[in-house]
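A quick note: this is a predicted structure, and the numbers were derived from the prediction, not measured. Chain naming here is simple, since letters A, B, ... match the order of the sequence lines and numbering starts at 1 in each.
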Amino acid sequence: MKGWYAVVDEIILPLSRPTVGVAGRTGTWRVNRPVFNSEKCIKCRLCWLYCPDNVIDVNEANPSNFITIDYNYCKGCGVCVDVCPTKALTLVPER
Amino acid sequence: MVLTIKDLPKDKYVMPGNAACPGCPENLGLKFVGMALGEKAILTIPAGCTSVIQGLLPGSGLKFPIINVPFASSDAVAAGVSVAKKLIGEDAVVIAWAGDGGTADIGFATLSGAAERNDNIIHICVDNEAYMNTGIQRSSQTPLGAWTTTTWKGKKERKKDLPMIMLMHKIPYVATASVAYPLDFIEKLRKAASIKGFKYIHLHAPCPVGWRFDPMKTVSVAKLAVETGMWILFEAINGKVVISPPSKPYVDKTKRKPIKEYLSIQGRFRNITEEILKDLERQVDENWETLLKFT
Ligand SMILES: Cc1ncc(C[n+]2csc(CCOP(=O)(O)OP(=O)(O)O)c2C)c(N)n1
Ligand code: SF4
Ligand code: SF4
Ligand code: SF4
(Lines give C-alpha, C1' and ligand atoms only; values in the text may rest on other atoms or scores of the structure.)
(Ligands and ions follow the chains in the order given, each with its own letter.)
Protein backbone atom coordinates (compact mmCIF):
# COMPACT_ATOMS: atom_id res chain seq x y z
CA MET A 1 0.00 0.00 0.00
CA LYS A 2 1.35 3.40 -0.99
CA GLY A 3 -0.05 6.83 -0.18
CA TRP A 4 -0.34 9.29 2.65
CA TYR A 5 -2.64 7.26 4.85
CA ALA A 6 -3.26 3.83 6.32
CA VAL A 7 -6.64 2.31 7.14
CA VAL A 8 -6.84 0.52 10.48
CA ASP A 9 -10.24 -0.84 11.57
CA GLU A 10 -11.93 1.48 9.06
CA ILE A 11 -10.18 4.49 10.57
CA ILE A 12 -8.01 6.57 8.25
CA LEU A 13 -4.68 7.45 9.87
CA PRO A 14 -2.22 9.95 8.34
CA LEU A 15 1.02 8.21 7.43
CA SER A 16 4.20 9.66 5.94
CA ARG A 17 6.63 7.52 3.98
CA PRO A 18 10.42 7.85 3.73
CA THR A 19 11.26 10.23 0.91
CA VAL A 20 14.50 11.61 -0.48
CA GLY A 21 14.28 15.40 -0.67
CA VAL A 22 11.29 15.87 1.66
CA ALA A 23 12.51 19.46 2.19
CA GLY A 24 13.20 19.98 -1.54
CA ARG A 25 16.56 20.16 -3.29
CA THR A 26 18.61 21.03 -0.23
CA GLY A 27 21.72 21.33 -2.43
CA THR A 28 20.46 24.83 -3.27
CA TRP A 29 21.10 25.85 0.37
CA ARG A 30 24.84 25.40 -0.19
CA VAL A 31 27.14 28.38 0.30
CA ASN A 32 30.32 26.28 0.18
CA ARG A 33 30.95 23.08 -1.78
CA PRO A 34 33.02 20.13 -0.55
CA VAL A 35 35.42 19.06 -3.33
CA PHE A 36 37.04 15.62 -3.37
CA ASN A 37 40.64 14.95 -4.38
CA SER A 38 40.97 11.21 -4.88
CA GLU A 39 44.78 11.24 -4.80
CA LYS A 40 44.87 12.31 -1.17
CA CYS A 41 42.17 9.90 0.02
CA ILE A 42 43.27 7.14 2.42
CA LYS A 43 39.83 5.44 2.37
CA CYS A 44 39.23 5.89 6.09
CA ARG A 45 35.45 6.48 5.58
CA LEU A 46 35.24 9.17 8.25
CA CYS A 47 33.49 11.56 5.85
CA TRP A 48 30.90 8.86 5.12
CA LEU A 49 30.44 8.16 8.84
CA TYR A 50 29.98 11.79 9.91
CA CYS A 51 28.02 13.35 7.01
CA PRO A 52 24.87 14.45 8.89
CA ASP A 53 22.77 14.28 5.74
CA ASN A 54 23.85 10.88 4.44
CA VAL A 55 24.81 12.26 1.02
CA ILE A 56 28.23 10.60 0.86
CA ASP A 57 28.42 7.10 -0.61
CA VAL A 58 31.44 4.80 -0.46
CA ASN A 59 32.38 3.00 -3.68
CA GLU A 60 33.97 -0.25 -2.49
CA ALA A 61 34.51 -1.43 -6.06
CA ASN A 62 36.07 1.77 -7.36
CA PRO A 63 39.21 2.63 -5.36
CA SER A 64 40.23 5.37 -7.79
CA ASN A 65 37.06 7.30 -6.90
CA PHE A 66 36.34 6.04 -3.40
CA ILE A 67 33.57 8.44 -2.39
CA THR A 68 30.71 10.17 -4.20
CA ILE A 69 28.88 13.24 -2.92
CA ASP A 70 25.28 13.81 -3.99
CA TYR A 71 25.33 17.53 -4.71
CA ASN A 72 21.57 17.59 -5.25
CA TYR A 73 21.17 17.32 -1.49
CA CYS A 74 24.58 18.16 0.08
CA LYS A 75 23.96 21.22 2.29
CA GLY A 76 27.63 22.28 2.29
CA CYS A 77 27.98 22.14 6.07
CA GLY A 78 31.64 21.14 5.80
CA VAL A 79 31.62 18.47 8.52
CA CYS A 80 33.18 16.01 6.03
CA VAL A 81 35.99 18.51 5.35
CA ASP A 82 36.58 19.00 9.08
CA VAL A 83 36.84 15.27 9.84
CA CYS A 84 38.95 14.29 6.79
CA PRO A 85 42.43 13.54 8.14
CA THR A 86 44.33 14.17 4.86
CA LYS A 87 42.61 17.22 3.34
CA ALA A 88 41.29 15.05 0.51
CA LEU A 89 38.14 17.13 0.96
CA THR A 90 38.25 20.93 0.77
CA LEU A 91 35.55 23.55 1.00
CA VAL A 92 35.30 26.04 -1.86
CA PRO A 93 32.79 28.88 -2.17
CA GLU A 94 29.91 28.35 -4.59
CA ARG A 95 29.90 30.96 -7.35
CA MET B 1 35.06 -8.12 19.19
CA VAL B 2 35.69 -4.42 18.72
CA LEU B 3 33.34 -2.60 16.39
CA THR B 4 35.02 -0.78 13.46
CA ILE B 5 33.77 1.60 10.77
CA LYS B 6 33.89 -1.21 8.20
CA ASP B 7 31.37 -3.25 10.22
CA LEU B 8 28.70 -0.56 10.01
CA PRO B 9 25.68 -1.11 7.74
CA LYS B 10 25.20 1.18 4.74
CA ASP B 11 21.40 1.32 4.90
CA LYS B 12 20.22 4.95 5.26
CA TYR B 13 17.74 5.85 8.01
CA VAL B 14 18.32 9.58 7.58
CA MET B 15 17.08 10.49 4.12
CA PRO B 16 19.13 12.99 2.07
CA GLY B 17 17.32 16.28 1.58
CA ASN B 18 15.49 16.50 4.90
CA ALA B 19 14.80 19.75 6.76
CA ALA B 20 17.66 19.65 9.31
CA CYS B 21 20.00 22.67 9.35
CA PRO B 22 23.48 22.11 7.84
CA GLY B 23 25.70 20.29 10.34
CA CYS B 24 22.76 19.15 12.50
CA PRO B 25 23.71 16.91 15.44
CA GLU B 26 20.19 15.42 15.70
CA ASN B 27 20.48 14.13 12.11
CA LEU B 28 23.83 12.60 13.08
CA GLY B 29 22.41 10.94 16.17
CA LEU B 30 19.46 9.49 14.23
CA LYS B 31 21.84 8.18 11.56
CA PHE B 32 23.76 6.28 14.25
CA VAL B 33 20.55 4.88 15.77
CA GLY B 34 19.74 3.50 12.30
CA MET B 35 23.21 1.98 12.00
CA ALA B 36 22.91 0.39 15.45
CA LEU B 37 19.41 -1.07 15.33
CA GLY B 38 18.20 -0.91 11.72
CA GLU B 39 14.65 -2.03 11.08
CA LYS B 40 14.13 -3.20 14.68
CA ALA B 41 13.86 0.41 15.90
CA ILE B 42 10.49 2.09 16.47
CA LEU B 43 10.54 5.69 17.68
CA THR B 44 8.14 7.91 19.59
CA ILE B 45 9.01 11.56 19.00
CA PRO B 46 7.52 14.64 20.70
CA ALA B 47 7.77 18.18 19.30
CA GLY B 48 11.29 19.44 18.71
CA CYS B 49 13.79 19.80 15.90
CA THR B 50 13.49 16.09 15.04
CA SER B 51 9.78 16.38 14.30
CA VAL B 52 10.65 19.17 11.88
CA ILE B 53 13.43 17.06 10.35
CA GLN B 54 10.77 14.43 9.61
CA GLY B 55 9.07 16.99 7.37
CA LEU B 56 5.54 17.24 6.09
CA LEU B 57 3.05 14.61 4.99
CA PRO B 58 3.16 12.67 2.66
CA GLY B 59 6.96 12.41 2.96
CA SER B 60 9.27 11.63 5.87
CA GLY B 61 12.91 12.63 6.13
CA LEU B 62 13.55 9.58 8.32
CA LYS B 63 13.12 5.88 7.54
CA PHE B 64 12.10 4.68 11.02
CA PRO B 65 8.52 3.82 11.95
CA ILE B 66 7.68 6.88 14.06
CA ILE B 67 4.74 7.91 16.21
CA ASN B 68 4.56 11.66 16.83
CA VAL B 69 3.27 12.25 20.33
CA PRO B 70 2.30 15.14 22.63
CA PHE B 71 5.21 16.39 24.71
CA ALA B 72 4.73 14.77 28.08
CA SER B 73 3.76 11.33 26.75
CA SER B 74 6.78 9.99 24.84
CA ASP B 75 7.76 7.29 27.32
CA ALA B 76 4.17 6.28 28.09
CA VAL B 77 3.37 5.76 24.40
CA ALA B 78 6.67 3.95 23.87
CA ALA B 79 5.88 1.63 26.79
CA GLY B 80 2.50 0.83 25.25
CA VAL B 81 4.03 0.07 21.86
CA SER B 82 6.61 -2.15 23.52
CA VAL B 83 3.90 -4.19 25.28
CA ALA B 84 1.81 -4.41 22.10
CA LYS B 85 4.79 -5.71 20.14
CA LYS B 86 5.43 -8.31 22.81
CA LEU B 87 1.79 -9.44 22.78
CA ILE B 88 1.84 -10.07 19.03
CA GLY B 89 5.22 -11.76 19.36
CA GLU B 90 7.23 -9.33 17.25
CA ASP B 91 10.81 -8.37 17.96
CA ALA B 92 11.23 -4.59 18.28
CA VAL B 93 13.36 -2.02 20.07
CA VAL B 94 11.09 0.83 21.12
CA ILE B 95 12.77 4.16 21.67
CA ALA B 96 11.47 7.42 23.09
CA TRP B 97 13.62 10.01 21.28
CA ALA B 98 13.27 13.50 22.79
CA GLY B 99 15.24 16.72 23.09
CA ASP B 100 16.63 18.02 26.36
CA GLY B 101 13.47 20.10 26.85
CA GLY B 102 11.28 17.11 26.05
CA THR B 103 13.30 14.94 28.44
CA ALA B 104 14.58 16.97 31.36
CA ASP B 105 11.76 19.52 31.68
CA ILE B 106 8.45 18.99 29.87
CA GLY B 107 8.62 15.19 29.66
CA PHE B 108 10.29 14.55 32.99
CA ALA B 109 7.31 13.23 34.96
CA THR B 110 6.50 10.59 32.34
CA LEU B 111 10.18 9.70 31.98
CA SER B 112 10.55 9.20 35.70
CA GLY B 113 7.33 7.18 35.86
CA ALA B 114 8.33 4.83 33.05
CA ALA B 115 11.77 4.39 34.61
CA GLU B 116 10.30 3.56 38.00
CA ARG B 117 7.93 0.98 36.41
CA ASN B 118 10.95 -0.38 34.52
CA ASP B 119 9.06 -0.31 31.21
CA ASN B 120 10.93 -2.14 28.47
CA ILE B 121 12.06 0.81 26.34
CA ILE B 122 15.13 2.96 25.61
CA HIS B 123 14.86 6.69 26.26
CA ILE B 124 17.36 8.75 24.28
CA CYS B 125 17.76 12.38 25.28
CA VAL B 126 19.30 14.27 22.36
CA ASP B 127 20.83 17.12 24.29
CA ASN B 128 21.51 20.34 22.38
CA GLU B 129 21.25 22.21 25.67
CA ALA B 130 18.26 24.43 24.79
CA TYR B 131 14.80 24.49 23.18
CA MET B 132 16.15 24.87 19.64
CA ASN B 133 13.03 24.27 17.58
CA THR B 134 11.18 27.22 19.12
CA GLY B 135 14.16 29.58 18.89
CA ILE B 136 16.94 28.78 21.39
CA GLN B 137 15.25 29.21 24.78
CA ARG B 138 17.04 28.01 27.93
CA SER B 139 16.35 24.57 29.39
CA SER B 140 17.48 22.86 32.58
CA GLN B 141 20.25 21.37 30.39
CA THR B 142 21.65 24.76 29.29
CA PRO B 143 25.01 25.22 31.04
CA LEU B 144 25.88 28.05 33.39
CA GLY B 145 26.92 31.21 31.56
CA ALA B 146 25.47 30.24 28.17
CA TRP B 147 23.60 32.82 26.12
CA THR B 148 20.13 31.86 24.88
CA THR B 149 17.25 34.07 23.72
CA THR B 150 15.85 33.92 27.26
CA THR B 151 19.20 34.31 29.04
CA TRP B 152 20.64 37.39 27.33
CA LYS B 153 23.32 37.91 29.92
CA GLY B 154 24.14 34.23 30.26
CA LYS B 155 22.31 31.56 32.25
CA LYS B 156 22.64 32.03 35.98
CA GLU B 157 21.94 28.44 36.99
CA ARG B 158 23.92 25.23 36.54
CA LYS B 159 23.05 22.34 34.20
CA LYS B 160 20.86 19.73 35.92
CA ASP B 161 22.70 16.39 36.14
CA LEU B 162 20.16 14.20 34.37
CA PRO B 163 22.25 11.03 33.81
CA MET B 164 22.90 10.99 37.57
CA ILE B 165 19.19 11.47 38.33
CA MET B 166 18.41 8.53 36.05
CA LEU B 167 21.12 6.46 37.75
CA MET B 168 19.30 7.08 41.04
CA HIS B 169 16.16 5.54 39.52
CA LYS B 170 18.05 2.21 39.88
CA ILE B 171 17.26 1.19 36.30
CA PRO B 172 19.21 -1.59 34.56
CA TYR B 173 21.09 0.65 32.12
CA VAL B 174 22.23 4.28 32.02
CA ALA B 175 24.77 5.67 29.56
CA THR B 176 26.06 8.92 28.15
CA ALA B 177 27.14 9.27 24.53
CA SER B 178 28.32 11.89 22.06
CA VAL B 179 27.76 12.47 18.34
CA ALA B 180 31.55 12.65 17.98
CA TYR B 181 31.98 9.04 19.15
CA PRO B 182 29.57 7.02 16.98
CA LEU B 183 31.16 3.61 17.58
CA ASP B 184 30.83 4.08 21.34
CA PHE B 185 27.20 5.26 20.91
CA ILE B 186 26.31 2.35 18.59
CA GLU B 187 27.81 -0.22 20.97
CA LYS B 188 25.82 1.30 23.83
CA LEU B 189 22.59 1.23 21.80
CA ARG B 190 23.09 -2.43 20.94
CA LYS B 191 23.85 -3.28 24.55
CA ALA B 192 20.79 -1.34 25.75
CA ALA B 193 18.63 -3.19 23.20
CA SER B 194 19.79 -6.53 24.63
CA ILE B 195 18.79 -5.62 28.19
CA LYS B 196 15.20 -5.96 29.46
CA GLY B 197 13.64 -3.02 31.31
CA PHE B 198 14.20 0.73 31.20
CA LYS B 199 17.33 2.03 29.53
CA TYR B 200 18.45 5.68 29.45
CA ILE B 201 21.02 7.15 27.04
CA HIS B 202 21.96 10.84 27.16
CA LEU B 203 23.44 11.95 23.82
CA HIS B 204 25.49 15.15 23.76
CA ALA B 205 24.58 17.02 20.57
CA PRO B 206 26.29 20.36 19.85
CA CYS B 207 24.01 22.55 17.69
CA PRO B 208 25.72 25.10 15.41
CA VAL B 209 22.65 27.33 15.27
CA GLY B 210 21.96 27.60 18.99
CA TRP B 211 25.54 27.44 20.23
CA ARG B 212 26.80 29.88 17.62
CA PHE B 213 29.62 28.00 15.89
CA ASP B 214 30.49 27.18 12.27
CA PRO B 215 28.39 24.16 11.13
CA MET B 216 31.53 22.36 9.96
CA LYS B 217 32.61 22.14 13.62
CA THR B 218 29.76 20.01 15.02
CA VAL B 219 31.99 16.96 15.50
CA SER B 220 35.01 18.98 16.70
CA VAL B 221 32.96 20.79 19.34
CA ALA B 222 31.49 17.49 20.56
CA LYS B 223 35.02 16.04 20.77
CA LEU B 224 36.30 19.01 22.75
CA ALA B 225 33.50 18.58 25.28
CA VAL B 226 34.89 15.11 26.01
CA GLU B 227 38.57 16.12 25.84
CA THR B 228 38.08 18.95 28.32
CA GLY B 229 36.19 16.62 30.65
CA MET B 230 33.05 18.78 30.41
CA TRP B 231 31.12 15.81 28.99
CA ILE B 232 31.95 12.42 30.51
CA LEU B 233 31.23 9.23 28.59
CA PHE B 234 30.23 6.33 30.82
CA GLU B 235 27.83 3.45 31.10
CA ALA B 236 26.26 1.87 34.16
CA ILE B 237 24.83 -1.63 34.19
CA ASN B 238 22.71 -2.14 37.31
CA GLY B 239 24.17 0.98 38.87
CA LYS B 240 27.85 0.18 38.46
CA VAL B 241 29.55 2.99 36.55
CA VAL B 242 32.29 2.23 34.02
CA ILE B 243 34.02 5.16 32.31
CA SER B 244 33.92 4.57 28.53
CA PRO B 245 37.18 4.33 26.53
CA PRO B 246 37.03 7.83 24.92
CA SER B 247 36.77 9.45 28.38
CA LYS B 248 39.22 7.13 30.19
CA PRO B 249 42.31 9.35 29.76
CA TYR B 250 40.49 12.26 31.40
CA VAL B 251 40.00 10.52 34.72
CA ASP B 252 43.46 12.03 35.21
CA LYS B 253 42.76 15.74 35.62
CA THR B 254 46.13 16.77 34.15
CA LYS B 255 45.23 15.11 30.81
CA ARG B 256 42.11 17.28 30.35
CA LYS B 257 42.34 20.19 27.89
CA PRO B 258 41.59 23.65 29.34
CA ILE B 259 37.82 24.20 29.12
CA LYS B 260 38.53 27.54 27.43
CA GLU B 261 39.31 25.57 24.26
CA TYR B 262 35.74 24.26 24.27
CA LEU B 263 34.08 27.54 25.32
CA SER B 264 35.98 29.91 23.01
CA ILE B 265 34.79 28.32 19.75
CA GLN B 266 31.15 28.86 20.77
CA GLY B 267 29.51 32.27 20.46
CA ARG B 268 27.10 31.52 23.31
CA PHE B 269 29.92 31.78 25.88
CA ARG B 270 31.39 34.98 24.38
CA ASN B 271 30.52 37.20 27.33
CA ILE B 272 31.28 34.98 30.31
CA THR B 273 33.14 36.47 33.26
CA GLU B 274 36.25 35.11 34.92
CA GLU B 275 34.04 34.13 37.87
CA ILE B 276 31.73 31.99 35.71
CA LEU B 277 34.72 30.37 34.04
CA LYS B 278 36.06 29.38 37.47
CA ASP B 279 32.65 27.98 38.45
CA LEU B 280 32.47 25.95 35.23
CA GLU B 281 35.94 24.57 35.94
CA ARG B 282 34.87 23.68 39.46
CA GLN B 283 31.81 21.88 38.07
CA VAL B 284 33.98 19.69 35.84
CA ASP B 285 36.00 18.55 38.87
CA GLU B 286 32.87 18.03 40.97
CA ASN B 287 31.08 16.04 38.26
CA TRP B 288 34.05 13.71 37.87
CA GLU B 289 34.36 13.28 41.61
CA THR B 290 30.68 12.40 42.01
CA LEU B 291 30.67 9.99 39.09
CA LEU B 292 33.83 8.15 40.15
CA LYS B 293 32.19 7.34 43.51
CA PHE B 294 29.88 4.97 41.61
CA THR B 295 32.62 3.06 39.76
C1 LIG C 1 2.69 20.96 25.14
C2 LIG C 1 3.53 21.78 24.25
N3 LIG C 1 4.18 22.86 24.75
C4 LIG C 1 4.99 23.60 23.96
C5 LIG C 1 5.17 23.28 22.63
C6 LIG C 1 6.06 24.13 21.77
N7 LIG C 1 7.35 23.50 21.48
C8 LIG C 1 7.56 22.83 20.33
S9 LIG C 1 9.14 22.28 20.17
C10 LIG C 1 9.57 22.95 21.67
C11 LIG C 1 10.97 22.87 22.18
C12 LIG C 1 11.60 21.54 22.17
O13 LIG C 1 12.86 21.61 22.73
P14 LIG C 1 13.71 20.31 22.95
O15 LIG C 1 12.90 19.25 23.55
O16 LIG C 1 14.96 20.69 23.68
O17 LIG C 1 14.08 19.81 21.48
P18 LIG C 1 14.93 20.52 20.31
O19 LIG C 1 13.99 21.40 19.56
O20 LIG C 1 16.04 21.26 20.93
O21 LIG C 1 15.39 19.37 19.48
C22 LIG C 1 8.47 23.58 22.28
C23 LIG C 1 8.50 24.27 23.57
C24 LIG C 1 4.45 22.16 22.14
N25 LIG C 1 4.62 21.74 20.85
N26 LIG C 1 3.67 21.43 22.96
S1 SF4 D 1 29.31 19.28 3.21
FE2 SF4 D 1 28.00 18.39 4.82
S3 SF4 D 1 26.20 17.61 3.70
FE4 SF4 D 1 27.82 17.96 2.17
S5 SF4 D 1 28.85 16.00 1.98
FE6 SF4 D 1 30.01 17.17 3.49
S7 SF4 D 1 29.17 16.55 5.45
FE8 SF4 D 1 27.68 15.91 3.88
S1 SF4 E 1 37.61 11.33 5.19
FE2 SF4 E 1 39.04 11.98 3.58
S3 SF4 E 1 40.56 10.35 3.49
FE4 SF4 E 1 38.82 9.52 4.64
S5 SF4 E 1 37.56 8.47 3.07
FE6 SF4 E 1 36.77 10.57 3.25
S7 SF4 E 1 37.88 11.74 1.68
FE8 SF4 E 1 38.99 9.81 1.98
S1 SF4 F 1 18.54 24.06 15.39
FE2 SF4 F 1 20.28 22.70 15.81
S3 SF4 F 1 19.38 20.74 16.45
FE4 SF4 F 1 17.74 21.95 15.49
S5 SF4 F 1 17.72 21.27 13.33
FE6 SF4 F 1 19.06 23.08 13.44
S7 SF4 F 1 21.13 22.25 13.79
FE8 SF4 F 1 19.65 20.60 14.24
Side chain proximity check, A:P14 to B:L57, heavy atoms < 4.5 angstrom: yes
A:D70 versus chain B, the contacting section by heavy-atom distance below 4.5 Å: neither
Main-chain N/O of A:P52 paired to B:N27 side chain as donor or acceptor, under 3.5 Å: yes
From A:Y50 atom OH to B:S220 atom OG, the distance as rounded to the nearest 0.5 Å: 9.5 Å
Spacing of CG belonging to A:D57 relative to NZ belonging to B:K12, to within rounding of 0.5 Å: 3.5 Å
Distance (rounded to the nearest 0.5 Å) between B:K10 NZ and A:W48 CH2: 5.5 Å
Shortest non-hydrogen contact between A:P18 and B:K63, atoms and distance: CG-CG, 3.6 Å
Salt-bridge present (B:K223, A:D82; N to O < 4.0 Å): no
Best-contacting candidate, A:V55, A:L49, A:T26, against chain B by heavy atom pairs under 4.5 angstrom: A:L49
Side-chain touch A:V22/B:M15, heavy atoms, less than 4.5 angstrom: no
Which atom of B:G23 lies closest to which atom of A:C77, heavy atoms considered: N-CB, 3.3 Å
Side chain, backbone, both or neither of B:K31 within contact of chain A (heavy atoms, under 4.5 Å): side chain
Non-hydrogen atoms of A:Y73 and B:G17 that approach each other most closely: CD2-CA, 3.6 Å
Atom pair OG (A:S16) and CD (B:Q54), whose distance is rounded to the nearest 0.5 Å: 7.5 Å
Heavy-atom contact with chain A under 4.5 Å, split by part of B:F32: side chain
Nearest atoms (heavy-atom pairs only) where A:W29 meets B:A19: CH2-O, 3.9 Å
Residues, nucleotides or ligands: over 12 heavy atoms within 6.0 Å of A:E60 CD: yes
Contacting region of A:C44 [heavy-atom separation from chain B under 4.5 Å]: backbone
Side chain, backbone, both or neither of B:L56 within contact of chain A (heavy atoms, under 4.5 Å): backbone
Contacting region of B:L62 [heavy-atom separation from chain A under 4.5 Å]: backbone
Check: B:N18/A:K75 side-chain N/O donor and acceptor closer than 3.5 Å: yes
Per-residue contact mode, A:V83 against chain B (heavy atom under 4.5 angstrom): side chain
